[in-house]
Every structure is written in structure tokens, then in C-alpha cells.
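Step one of this worksheet: look at the structure below.
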Amino acid sequence: MTPSHPKSVCVFCGSRFGKAPAYKAAAHATGTAIAQNGWRLVYGAGDVGLMGEVANATQAAGGEVFGVIPVHLFDREVGKRDLSTFVITENMHERKKVMFMNCDAIVVLPGGAGSLDEFFEVLTWRQLGLHDKPIYLLNTDGYWDKLADLIHHVISQGFADASMLNFINVVATPQDVVDDLQELWG
């Protein structure tokens, strides 16, 4: 059976831009690359911060965008209604589930507690064998260095098996993600 949609990349990222201009540039490059490769962006449907940047870049490059936002964040994250697909959920748990179920790979750009929550949920599901989707930490300007250190610490202290490192691809640039996915997806 042929999928009814193109390969889809879920991007978890901040609803703020952060301090370094490189974060915004990476979000823009990620969105542009998703569209240029004929992939669909799946993201949190916000029109603010890195979320808005990745979606606007995808749209500007002619890409399809699937956004998912919980009703309680619609005003705060300025729900972006001009998307190919726009889903409003009741809560954050549903949002993550809908985003995950509609993607083939996950990319985590710089972000805060919400992005960490999303990352750890998909990592845990992968660790439990519930999926085999690739997970990328886009380590723009070393943003995720401390997180990578923490994961190594968790493993060194015996709270996770070293195989967990096989579930995470720490990459420096959006092009690294593209190169890997092109090889994976053909």
C-alpha cells in the first residue's frame, strides 16, 4: 500500500528564538530543506519563535505543513491556521501523539522544557521498542552538548544501556539531517 502522504519530518523546537541568531538560521534551513526534498513538516502549529520560523520557511519553499496545537496554547503560541493540515487537540499528550503518529523521523532543534519533554517521550518510546523512527538532536552551536553529556552520565551510572546512544543522532547542521534521511529514505 502506498502512503497517502510524503515522508514526514516532525520538528520539535522552541516557541522562542533563543539568544543566538544561529538557532533561527537553523530553523529556517531545516524548514527549507524539508520542502526542497519533498517531505512534509509536522510541528506544533505555532507561529512564534523557532516553530514559526521552520513552518514559514517550509511554506515559502512550497512544502506541505501539518500542524498540531492544543486548545490551551492556541493564543499563546499564535496558532498558525494557513497550514496544509491544522489539528487542534485537547491537551499536550494528544498533541505529541498526533505529531508522532504522523511522522517518519524526529528532529529536535533548540528549545526549552517542552522540547525536552517531547524528545524524552520519543526517546523512551524508542528505548521500549515502540518505534524505530530516527531521532536527531540538531546541535546548533553546541546547544545540546549538556544534554548529550547527561545522557552519557545516565548510561555511565547504570540507569540506561549504552544501546540508547544508537537511538539518537547528534548532528551539527540541518544538512547533516538531510544527508542522513536521503540515505535512509533513498
For this session: Step by step, work out the side-chain hydrogen bond (donor to acceptor under 3.5 Å, both in side chains) result for Asn166 and Ser163.
Result: CA-CA 5 Å; Asn166 298 328; Ser163 64; 5.4 Å; no

Seminar exercise, completed: Tightest non-hydrogen contact, residues Arg126 and Asp132, listed as NE-CA, 3.5 Å

Problem set entry | Minimal non-hydrogen separation, Gly44 against Ile69, with atom names | O-CB, 3.7 Å

For this session: Using modelled atom types only, decide if a donor and an acceptor are shared between the side chain of Tyr136 and the backbone of Asn139 within a distance under 3.5 Å.
Result: no

Exercise. When clusters are formed by joining ILVMFWY residues with side-chain heavy atoms under 4.5 Å apart, either directly or through shared neighbours, do Leu116 and Met92 land in the same one?
Worked result: no

Exercise. What about Leu41 and Val87, same hydrophobic cluster or not, with Ile/Leu/Val/Met/Phe/Trp/Tyr joined at side-chain heavy-atom distances under 4.5 Å?
Worked result: no

Problem set entry | Closest non-hydrogen atom pair between Val98 and Asn102, with its separation | O-ND2, 2.7 Å

Exercise. Is the backbone of Val65 close enough, under 3.5 Å, to the side chain of Ser84 for a donor and an acceptor to pair up by distance?
Worked result: yes

Exercise. So, Thr85 side chain and Leu83 main chain: donor-acceptor pair closer than 3.5 Å or not?
Worked result: no

Seminar exercise, completed: Sorted by chain and residue number, the salt bridge (Lys or Arg N to Asp or Glu O under 4.0 Å) partners of Lys96 (sequence neighbours excluded) come out as Asp117, Glu121

Problem set entry | Contact check, side chains of Ile151 and Leu165, non-hydrogen atoms, under 4.5 Å | yes

Exercise. Roughly how far, to the nearest 0.5 Å, is SG of Cys10 from CZ of Arg40?
Worked result: 10.5 Å

For this session: Looking only at non-hydrogen atoms, find the nearest pair between Val48 and Ser15 and report the distance.
Result: CG2-O, 3.4 Å

For this session: Decide side chain to side chain contact (heavy atoms under 4.5 Å, CB included) for Gln182 and Trp39; before the verdict, give the C-alpha distance in whole Å, the side-chain angles of both, and the deciding distance to 0.1 Å.
Result: CA-CA 11 Å; Gln182 285 176 338; Trp39 304 329; 4.2 Å; yes

Problem set entry | Centroid-centroid distance, Tyr143 to Tyr23, less than 6.0 Å | yes

Exercise. Is there a side chain to side chain contact (heavy atoms under 4.5 Å, CB included) between Ile106 and Lys133 once you walk through the steps?
Worked result: CA-CA 7 Å; Ile106 297 106; Lys133 299 175 184 183; 4.0 Å; yes

For this session: Using a 4.5 Å cut-off on heavy atoms from C-beta on, say whether the side chain of Phe12 contacts that of Tyr43.
Result: no

Problem set entry | Within-4.5 Å side-chain heavy-atom neighbours: Ile155 and His152 | no

Exercise. Given the rule in the side-chain hydrogen bond (donor to acceptor under 3.5 Å, both in side chains) test, do Asp180 and Asn169 qualify, once you have shown the distances and angles that lead to the verdict?
Worked result: CA-CA 9 Å; Asp180 195 66; Asn169 303 290; 4.7 Å; no

Exercise. Partners of Asp141 by salt bridge (Lys or Arg N to Asp or Glu O under 4.0 Å), sequence neighbours excluded?
Worked result: none

Side-chain polar contacts of residues 49-64 - donor-acceptor pairs under 3.5 angstrom, sequence neighbours left out - could you list them?
{"from": "Glu53", "atom 1": "OE2", "to": "His28", "atom 2": "ND1", "distance (Å)": "2.8"}
{"from": "Asn56", "atom 1": "OD1", "to": "Lys80", "atom 2": "NZ", "distance (Å)": "2.9"}
{"from": "Asn56", "atom 1": "ND2", "to": "Asp47", "atom 2": "OD1", "distance (Å)": "3.4"}
{"from": "Asn56", "atom 1": "ND2", "to": "Gly52", "atom 2": "O", "distance (Å)": "2.9"}
{"from": "Thr58", "atom 1": "OG1", "to": "Gly31", "atom 2": "O", "distance (Å)": "3.1"}
{"from": "Thr58", "atom 1": "OG1", "to": "Val54", "atom 2": "O", "distance (Å)": "2.8"}
{"from": "Gln59", "atom 1": "OE1", "to": "Lys80", "atom 2": "NZ", "distance (Å)": "2.9"}
{"from": "Gln59", "atom 1": "NE2", "to": "Asp82", "atom 2": "O", "distance (Å)": "2.6"}

For this session: Go through Phe119 and Ile135 one step at a time and tell me if the side chain to side chain contact (heavy atoms under 4.5 Å, CB included) criterion holds.
Result: CA-CA 8 Å; Phe119 166 71; Ile135 303 168; 3.9 Å; yes

Exercise. Heavy-atom distance under 4.5 Å between the side chains of Val42 and Val9, does that happen here?
Worked result: no

Problem set entry | Close side-chain approach of Pro134 and Leu181, heavy atoms under 4.5 Å | yes

For this session: Group every Ile, Leu, Val, Met, Phe, Trp and Tyr by side-chain heavy-atom contacts under 4.5 Å, then state whether Val68 and Val122 land in the same group.
Result: yes

Exercise. Nearest 0.5 Å, what's the CD-OG1 distance between Gln175 and Thr30?
Worked result: 10.0 Å

Problem set entry | Option from Val108, Leu137, Ile168 for which side-chain contact (heavy atoms from CB on, under 4.5 Å) with Leu147 holds | Leu137

Exercise. For the atom pair NE2 (His131) and SG (Cys103), what is the distance rounded to the nearest 0.5 Å?
Worked result: 8.0 Å

Problem set entry | Hydrophobic cluster membership, Ile34 vs Phe86, 4.5 Å side-chain cutoff | yes

Exercise. So Asn37 and Val178, side chain to side chain contact (heavy atoms under 4.5 Å, CB included) or not? Walk me through it.
Worked result: CA-CA 8 Å; Asn37 281 278; Val178 168; 3.6 Å; yes

Exercise. Side-chain contact, heavy-atom cut-off 4.5 Å: Leu109 with Val11?
Worked result: yes

Exercise. Which atom pair, heavy atoms only, marks the closest approach of Ala26 to Leu138?
Worked result: CB-CD2, 4.2 Å

Problem set entry | Linked, directly or transitively: Val177 and Phe167 (ILVMFWY side chains, under 4.5 Å) | no

Exercise. Quick one: does Asn91's side chain get under 4.5 Å of Pro70's, heavy atoms only?
Worked result: no

Exercise. How about His153 and Phe159: are their ring centres within less than 6.0 Å of each other?
Worked result: no

